[in-house]
Amino acid sequence: MKINKIDEKLLDYISQEKTSGEFLAKELGISRTAVWKRINKLKKYGYEIESSKSGYKLLKPDESLLPNNLKKILKTRFIGKEYIYFQEIDSTNNYAKNHPELKHGTVVLAENQIAGKGRKGRKWVSAPQKGLYFSIVLHPQIDVSQILKFSLTFPYAVKLALDKYVKNDIYIKFPNDLYMNNKKFAGILLESEIEGDQLTRVIVGIGINVNNDPEDFEGLEVPATSLKIEEGKTFNRAKTLADILKYVEDIYLQCLEGHMDIISKVNEILLWKGKTVKVKDNNSELTGILIGLDQSAGLRIMTEDGEKVIYSGDLTLRTN
Ligand code: BT5
């Protein structure tokens, strides 16, 4: 469900001060009962709204991911200038894919995804109102051969943005998951459109467990965690999102202009370097010591048969 303009206006009023139902009804051109119904709907979606005889007041307004709040704190030039906000959707990546008209830099965000996607048809579990689930639409015009290197921009930018707020070290698991204390707290799904040998449109889907609780990960096959669980505090999601978008923009531009050696940067924080890992890709599997990234962002693995470089696959730590 998309929060419509009337909901947004209503939230804008009650985020500033306690506002009477009568005033809201007049300003929004709806009845007082309709105001009350909308307030109840918003409460159901997780907004903390204080209601009393004298009116309504939104609690913690600076933490809301609503467009009016994000715009106040966003410091980017083009990423997030167009911002589409959903209370609930199937998948923000699907929405972006199905809307080719979306401009370069558009961000699509949802408080809840009922069919959040991972890679290879896997699922991304999106606990409502607790994480950050969004897609960035980019029109990069780069050579297809650069995709893997280009894809490192996003986990690296997320790591740098979060480093300011966290005590734990953040690692990147090839190709672009984010880990803390050997547990996954964020995943990235890139969906690309290619014309000739040019990458013309990329949808960068980013899912981050921010204030998620342990029970939100029940049934997952990988050890999962959230920033709140590892850091023992609740995060302001709006501020976190604004910072991430700023870092994504900066690193994206630096990489495109050739001012950053993203491969070396990621190499420094690559998860499981020096450890024995298993890499599974479709029907093949190999085991060896993870050496690091090569110049094309492929993963170097020292196997019993010598060094191999892989460009895709799922990594696990060999435990025996
Ligand atoms: C990913 O895939 O990690 C990419 C996830 C991208 C999610 C974002 S949310 C916004 C945008 N819209 C979408 O529909 N998707 C993107 P992959 O590497 O294939 O990992 C998927 C696996 O991670 C699953 O099979 C689970 O084992 C695990 N998983 C699922 N939900 C998780 C969560 N919330 N936290 C940690 N692990 C999770």
Side-chain angles (χ1 to χ4, degrees), residues 65 79-80 83-99 102 106-138 148 151-155 157-159 162 170-192 202-230 235 237 240-241 244-245 248 271-272 277-282 299 310-317:
L65 297 175
I79 293 190
Y83 176 64
I84 303 174
Y85 172 89
F86 289 95
Q87 200 55 50
E88 184 173 283
I89 199 174
D90 55 346
S91 145
T92 56
N93 262 44
N94 283 353
Y95 181 89
K97 258 175 95 172
N98 296 333
H99 289 81
L102 296 182
T106 301
V107 171
V108 182
L109 177 137
E111 286 284 10
N112 184 20
Q113 295 185 117
I114 44 180
K117 299 192 293 184
R119 295 175 298 137
K120 300 180 186 164
R122 291 186 288 240
K123 289 202 172 97
W124 181 259
V125 174
S126 322
Q129 314 271 347
K130 293 186 184 177
L132 286 170
Y133 318 114
F134 60 100
S135 302
I136 309 172
V137 177
L138 294 169
L148 195 52
S151 74
L152 299 176
T153 309
F154 308 101
V158 173
K159 179 215 150 52
L162 295 178
I170 296 174
Y171 292 92
I172 295 178
K173 180 182 159 211
F174 180 87
N176 45 29
D177 286 346
L178 287 149
Y179 270 60
M180 196 180 256
N181 296 328
N182 273 314
K183 284 167 267 176
K184 176 166 171 173
F185 73 90
I188 299 179
L189 168 70
L190 252 75
E191 296 188 276
S192 314
V202 183
I203 295 153
V204 185
I206 304 182
I208 307 173
N209 303 325
V210 182
N211 295 327
N212 307 51
D213 298 299
E215 58 271 24
D216 296 325
F217 307 123
E218 271 166 21
L220 285 183
E221 61 272 29
V222 296
T225 194
S226 73
L227 297 176
K228 178 175 140 188
I229 297 169
E230 298 306 312
F235 286 74
R237 288 180 307 147
T240 311
L241 174 66
I244 291 172
L245 297 180
V248 168
L271 186 74
W272 299 333
V277 294
K278 262 196 208 162
V279 188
K280 270 195 194 164
D281 196 15
N282 300 326
L299 191 67
I310 57 122
Y311 298 96
S312 62
D314 292 306
L315 251 65
T316 48
L317 199 57

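No hydrogens, no waters, no symmetry mates; every other heavy atom, side chains included, goes into these values. For ligands, and for the atoms within them, numbers begin at 1 and follow the listed sequence.
Here the protein heavy atom with the shortest distance to atom 15 (N) of ligand 1 is K117 O, 2.8 Å. Looking from atom 1 (C) of ligand 1 to the surrounding protein, the closest heavy atom is K184 NZ, 3.8 Å. Atom 26 (C) of ligand 1 has as its closest protein heavy atom L220 CD2, 3.9 Å. When hydrogens are left out, the protein atom nearest atom 10 (C) of ligand 1 is T92 OG1, 3.3 Å; that is the closest non-hydrogen contact. Closest to atom 36 (C) of ligand 1 among all protein heavy atoms lies A224 CB, 3.4 Å. What sits closest to atom 5 (C) of ligand 1 on the protein, heavy atoms only, is W124 CE3, 3.5 Å.
With N176 as the partner, the side chain to side chain contact (heavy atoms under 4.5 Å, CB included) test is satisfied by one option alone out of L190, V158, I206: L190.
Contact annotation: for V125 versus ligand 1, heavy atoms closer than 4.0 Å belong to both the backbone and the side chain. By the criterion of a heavy-atom distance under 4.0 Å, neither the backbone nor the side chain of D314 is placed next to ligand 1. Contact annotation for F134 and ligand 1: only backbone heavy atoms (N, CA, C, O) come within less than 4.0 Å of the ligand.
Using a 4.0 Å cutoff on heavy atoms, Q113 counts as a contact of ligand 1.
Atoms of ligand 1 lying under 4.0 Å from at least one heavy atom of N209, given by number and element, are 33 (C), 34 (N), 35 (N), 36 (C). Less than 4.0 angstrom separates some heavy atom of G116 from each of these atoms of ligand 1: 14 (O). Using a 4.0 Å cut-off to heavy atoms of V222, the atoms of ligand 1 that qualify are 27 (O), 28 (C), 37 (N).
Using a cut-off of 4.0 Å between Lys/Arg side-chain N and Asp/Glu carboxylate O, E230 and K183 are scored as salt-bridged. Look at E111 and R237 and you find a salt bridge, because one of the NZ, NE, NH1 or NH2 atoms lies within 4.0 Å of a carboxylate O, short of that distance. With salt bridges taken as basic N to acidic carboxylate O contacts below 4.0 Å, one links D281 and K120. Under a 4.0 Å N-O distance rule, the pair D314/R122 qualifies as a salt bridge.
Here the straight-line distance linking atom OG1 of T92 with atom CG of N112 works out to 11.5 Å at 0.5 Å rounding. Rounding to the nearest 0.5 Å places OG of S91 at 9.0 Å from CD1 of I203.
Across E221, K123, R122, E191, heavy-atom proximity to atom 27 (O) of ligand 1 is greatest for E221.
When atom types are taken as modelled, the side chain of N98 and the backbone of Y95 share no donor-acceptor pair closer than 3.5 angstrom.
Checking N94 against K117 by side-chain atom types alone, a donor-acceptor pair falls below 3.5 Å.
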